[in-house]
Amino acid sequence: MDFSWMAWTLPTALFFLAIALMLVGMGVWEYVSPGGNPRVGVLRFETTRGDRLFVSLLGSAFIHLAWLGLVGANLWWALALSVIYAIAVFRYV
Amino acid sequence: MARINLEHIRHAYGAKPKSEADYALKEVHHEWNDGGAYALLGPSGCGKTTLLNIISGLINPSEGRILFDGTDVTHLTTQHRNIAQVFQFPVIYDTMTVYDNLAFPLRNRHVPEAEVDRRVKEIIEMTGLGGWAKKTARGLTADQKQKISLGRGLVRSDVSAILFDEPLTVIDPEMKWVLRSQIKRLHKQFGFTMVYVTHDQTEALTFADKVVVMYDGQIVQIGTPAELFERPRHTFVGYFIGSPGMNVLPAEIAGNTAAVGDQSIALNFQPKVNAGAKTELGIRPEFISLGRDGMPVAITKVEDIGRHKIVRARFADRPISIIVDEDGEIPAEPRVTFDPKAINIYADSWRVGEEA
Amino acid sequence: MLEMKNITKVVGGETHIHPTDLVLERGSLNVLLGPTLSGKTSLMRLMAGLDKPASGSLHFDGADVTGLPVQRRSVAMVYQQFINYPAMTVYDNIASPMRIKGADNATIDREVRKAAELLKLTPYLDRTPLNLSGGQQQRTALARAIVKNADLVLLDEPLANLDYKLREELREELPKIFAASGAIFVYATTEPSEALLLGGNTASLSEGRITQFGRTIDVYRRPVDIITARTFADPPLNTIELVKAGSDFTLEGKPVLSVPAHLAAVSDGPCMVAFQPHHISFDRPEASGNPLTVKTAISEIAGSESFIHVGFADARWVMLARGIHDIEPDATLDVFVDTRHLMAFGPDGRAIGGTA
Amino acid sequence: MEKTWNNKAWFMVLPVLVLVAFSAVIPLMTVVNYSVQDTFGNNEFFWAGTDWFMDVLESDRFWDALTRNLIFSAIILAIEIPLGIVIALNMPKKGIGVPICLVLMALPLLIPWNVVGTIWQVFGRVDIGLLGRTLAALGINYNYVQNPLDAWVTLIVMDVWHWTSLVVLLCYAGLVSIPDAYYQAAKIDGASRWSVFRYIQLPKMKRVLLIAFLLRFMDSFMIYTEPFVVTGGGPGNSTTFLSIDLVKMAIGQFDLGPAAALSIIYFLIILLLSWIFYTVMTTSDAQG
């Protein structure tokens, strides 16, 4: 099949590969310890680790957008900030 | 607090009642004493809730008048009748704290805040809700919620009457005991006129000074718990009150003996019975003694319910129930005797007295 | 035979059912007795397969059915609310589970009429449920569960929404229906008296644990711990903390009750002594000694008997006395406890000593 | 512990997964790919990095459209929620009025979006529309093609006409679930009409109001068809919302890169809103 119309680039391919790997990782995690480890965190409602991953990713997207809009094109700092944010989400939410 | 007069009240839900059967509530004419505790007892559909709603003003009776302390309130709205009501399912304002719930009826009537505080604190003390005053009412258990409903009635010192509409339906058995005796204690303490609707005979009998037994839209008997138990005016009262209910056996009355099947039972009075009436003998399971003397019975089943046994038997080819003590013996060739003082005679379902 | 092996249920990190083992025989009637939220419904849902246990397994006649969805199990359920198809007649309602199975019309007709006869619904077969009384509606739901001919029939407080007298009648009929079918019946209730009337086996529940399982009357007479004893008492169980010293139970060094023979082996020291409300009376029972002087709080008259709330030292007791006793509050009375039925519990709440 | 409840269930889900992959995932990937490149057609792509995102975020055009969206949603909510409550409170609770009211309320909801747009487009026209002619006859200078304010008013009135019913129906469902005993108790407690609303009706409607609020916010934030049909984003850019701007950019100007970047930003905003909606719904469910 021809996927050239999708105009793939290496960075976007890596990006989607990273997302796919995360999903596979979550699947393996779920298989090893099922149930999703639900708990009630700082947001005061029940979240599973899937919810926490989603909140991390969505939050990271907005962190990157905010960085682009307010600071500039160097996104490595935004990435670092996102990682810290994601760790915080997985710990406290 | 008030005396309640029900004057020739009738009610039909339809617009134009044609016959007696169209009335959900047939004629009621009674005076209820100031400070009395009344229970309206009967099966569902007997008109007890209709009567309660007429007293509270939620329904306007089709006919008749209702007086509080001699004042006609028939056309007054619920608000103006000054009554309190506790419903089957606890009604609480669940966004308010327990304290605000109790203060609500007073604040609506613009009572000064100092007085509100005094009254509410008193009620919180009385109902044992102390620890909850500042919390929202949402997280409470059913019995605590029902206490708030009750408290909202008691908080107003000027209510004419407190009405209860099957208030213990959603309460666990053990809490029922606690709540009921609490209501009763409050009644003794404050002397409110209380009207309590229920289908549960234990609740009715233990709560009320006077029980009003209703059946098919009419009041069949008003009496003290003891009267209802010992001298039911109607076979329905005998059946409805007591667990199991009264044994009602078809009987031929001749002078002062009653013949049930081939057994003849001596009565200690001579009933006044019109010719042609359907005559029956009523005796409660508690007043039949099972032993080695008396009339023969055939036992079909013994139910051990802990504090006593219910013996189901056939007597003169009719089913009867007998209550036997926890430690009571059941003989191999059982015979029964009826306590003569506890025998009632019924003609066309209504109790008959002695020949004049 | 239904076997629950080490079953638990956890919802959102909160344990609703603690590890439970339970074996129910075919043709048995099993009552789940416990207050609201004690886990009765949770346990039933696990048995039915509506919920998946967090751990443990469920076996039916030896086969593991833990993962089997409810549609493929042979289960019928009756709820507290009367659940029928409103647009169908009673006949079609009862016939519906058989139609789903694809039975032929002759079989359906035979089974429906049999069930209707058993539950006294024959005159109402052509009506729709909305035109029936609550008792008839619940009978229809019961009939539907019966014709389904399921191996497991679950009844979740089926009589809770019915009138007292209707409840009494259905309670009497139910054991007969159970006896006629070879299924396992499970019946949840909050009321001790209902468990006693139904007989069979009882599992008493408290906070998601089965505290005791056995023949109903045995659980009532010989509770293994104070929680079971309290669950199984209506009116509430009377308790008092006493110290056993030789042949007496003492309070602050003074003898209160003599130690009956069945508790003679209990070692000296503090324990919780308990007895049922009908084991305290005004009459001196054959076996017991000295009277206790109590202070009355309130008395409730229930026809043939009276509930008298009394205080002894710090304990609050209910006395169930034969006959009518209208006693003023704050009176002092001499009463006797029938020590032959005394129960004793250790500091951990477990029953100690033998039982009568 | 039993791992899977029923393994066959996974095969049932497979067609859905394939469908989602084709309808959502692959287009989304393509959009992401486009957003970081520049193209002049002929399938020639040049790496542009995050330039398009920077462009969009720094352009007034984007912020103006977003602001319009937010203002539009705010006005819609400020009108439809209170109006919906008031209508629901005044609807009959029993009798034959109930089905009549319910059907009348449901009618606008059954009309397709573009038809609603067309109806109002014609209705408001000054030359042949009933509304336009009537207003003109009353001496009111109304023309939604020329006057931005008139265009906004038309869009808002149209949305209110179309969607207030939804709020009404949701609120009504909340109101009829209140047992009679609550009203009776309030009467006995001497509560005023306002107290009944504040302490009984509003708490019982809280959940459905939340649903109504979030639904209307999301819907109005994503509005496209109606302004496209009625005003086409004009006059000027006065009713150019994000969705309309996106289409102008991608189809009108063929700026695929910036359009892709804008759609990702738009997508993220809507994803966030949906997540909030979903979370609020499920957690308030759990609290009963």
Side-chain angles (χ1 to χ4, degrees), chain B residues 41-46 141-143 169-178 180-182 184-185 187-189 198-209 211 224-226 228-230 239-245 284-287 301 303-308 310 312 323 325-327, chain C residues 34-38 133-135 160-169 172 175 189-199 216-217 220-221 230-237 276-279 297-307 309 316 318 320 322-324 326 329 338 340-341:
Chain B
L41 175 68
S44 47
C46 71
T141 58
D143 55 277
T169 311
V170 292
I171 309 293
D172 276 344
E174 205 184 336
M175 278 319 294
K176 268 184 192 167
W177 285 90
V178 177
R180 201 177 57 216
S181 51
Q182 207 158 18
K184 186 145 184 155
R185 199 169 304 138
H187 177 253
K188 287 242 175 343
Q189 208 172 333
T198 179
H199 61 79
D200 184 326
Q201 45 141 333
T202 315
E203 272 179 38
L205 295 174
T206 50
F207 170 80
D209 312 331
V211 179
T224 63
L228 295 179
F229 191 77
E230 286 162 4
Y239 150 82
F240 201 77
I241 289 172
S243 183
R284 292 209 172 267
E286 288 85 349
F287 299 119
K301 196 178 165 205
E303 293 166 21
D304 188 343
I305 62 159
R307 62 187 163 96
H308 55 233
I310 301 173
R312 311 277 180 187
I323 286 185
D325 269 356
E326 182 177 21
D327 305 314
Chain C
T36 319
L37 298 179
S38 61
S133 71
N161 284 349
L162 293 178
D163 268 12
Y164 192 85
K165 270 285 154 178
L166 276 172
R167 221 184 285 176
E168 211 173 278
E169 282 168 18
E172 232 177 278
T189 180
T190 59
E191 289 185 38
S193 57
E194 196 154 276
L196 284 164
L197 276 166
L198 290 167
T216 302
I217 199 76
Y220 174 77
R221 292 254 156 80
R230 280 192 208 282
T231 308
F232 221 140
D234 183 33
L237 192 71
Q276 299 283 357
H278 58 283
H279 290 141
I298 204 158
S299 57
E300 301 175 296
I301 299 159
S304 63
E305 50 201 17
S306 311
F307 302 105
H309 296 252
R316 295 280 163 272
V318 183
L320 174 63
R322 271 289 177 89
I324 289 152
D326 196 1
D338 187 347
R340 288 172 301 180
H341 297 281

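Given the structure is predicted, the values throughout are model-derived calculations rather than measurements. Residue numbers start from 1 in every chain, and the chains themselves are labelled A, B, ... in the order their sequence lines are given, proteins ahead of strands.
Salt-bridge formation is detected for the pair Glu300(C)/Arg180(B): a Lys NZ or Arg NE/NH1/NH2 atom is positioned less than 4.0 Å from an Asp or Glu carboxylate oxygen. Salt-bridge formation is detected for the pair Glu326(B)/Arg221(C): a Lys NZ or Arg NE/NH1/NH2 atom is positioned less than 4.0 Å from an Asp or Glu carboxylate oxygen.
Ile305(B) touches chain C through backbone and side chain together, each having a heavy atom under 4.5 Å away. With a 4.5 Å cut-off on non-hydrogen atoms, Asp325(B) touches chain C through its side chain but not through its backbone. For a residue to count as touching a neighbouring chain, one of its non-hydrogen atoms must lie under 4.5 Å from one of that chain's; by this rule Arg316(C) does not touch chain B. There is no contact between Ser193(C) and chain B, counting heavy-atom distances below 4.5 Å. For Glu305(C), the part sitting under 4.5 Å from any heavy atom of chain B is the side chain, from C-beta outward, and nothing else. For Pro277(C), no part sits under 4.5 Å from any heavy atom of chain B, backbone or side chain. Residue contact with chain C, scored on non-hydrogen atoms closer than 4.5 Å, is absent for Arg284(B). Only the side chain of Glu230(B) comes within contact range of chain C, with at least one heavy atom under 4.5 Å from a heavy atom of that chain.
Side-chain atoms of Lys165(C) come within 3.5 Å of backbone atoms of Tyr239(B) as a donor-acceptor pair (strictly under, hydrogens ignored). In this structure, Arg307(B) contributes its side chain and His279(C) its backbone to no donor-acceptor pair below 3.5 Å.
Considering all non-hydrogen atoms of both residues, Ala302(C) and Thr206(B) come closest at CB-CG2, 3.8 Å. Closest non-hydrogen pair, Ser243(B) versus Glu168(C), comes out as OG-OE1, 2.8 Å.
In this model, no donor atom of one side chain and acceptor atom of the other lie less than 3.5 Å apart for Thr190(C) and Asp172(B).
Listed options Glu174(B), Arg185(B), Gln201(B) were ranked by heavy-atom pairs under 4.5 angstrom with chain C; first place goes to Gln201(B). With chain B as partner, the option from Asp163(C), Leu196(C), Leu162(C), Asp326(C) having the largest number of non-hydrogen pairs under 4.5 angstrom is Asp163(C). The candidate with the highest count of non-hydrogen atom pairs below 4.5 Å against chain B, out of Ala297(C), Ser306(C), Pro235(C), is Pro235(C).
The distance from atom CD1 of Ile217(C) to atom CD of Glu303(B), rounded to the nearest 0.5 Å, is 11.0 Å. Distance check: Thr224(B) OG1 to Ile301(C) CD1 gives 8.0 Å after rounding to the nearest 0.5 Å. Rounding to the nearest 0.5 Å gives a distance of 11.5 Å between CZ of Phe307(C) and OG of Ser181(B). Within the model, atoms CG of Leu166(C) and OG of Ser44(B) stand 6.5 Å from one another, a figure rounded to the nearest 0.5 Å. Residue Ile310(B) holds its CD1 atom at 5.5 Å from CG of Leu197(C), rounded to the nearest 0.5 Å. If you take CG on Asp304(B) and OG1 on Thr216(C), they are separated by 10.5 Å, rounding to the nearest 0.5 Å.
Side-chain contact between Tyr164(C) and Thr202(B) is present, with at least one heavy-atom pair separated by less than 4.5 Å. For the pair Thr36(C)/Thr141(B), no side-chain contact is recorded, criterion being any heavy-atom separation below 4.5 Å from C-beta on. Under the 4.5 Å side-chain criterion, counting only non-hydrogen atoms from C-beta, Arg167(C) is in contact with His199(B). The shortest side-chain heavy-atom distance between Phe229(B) and Ile324(C) does not fall under the 4.5 Å cut-off.
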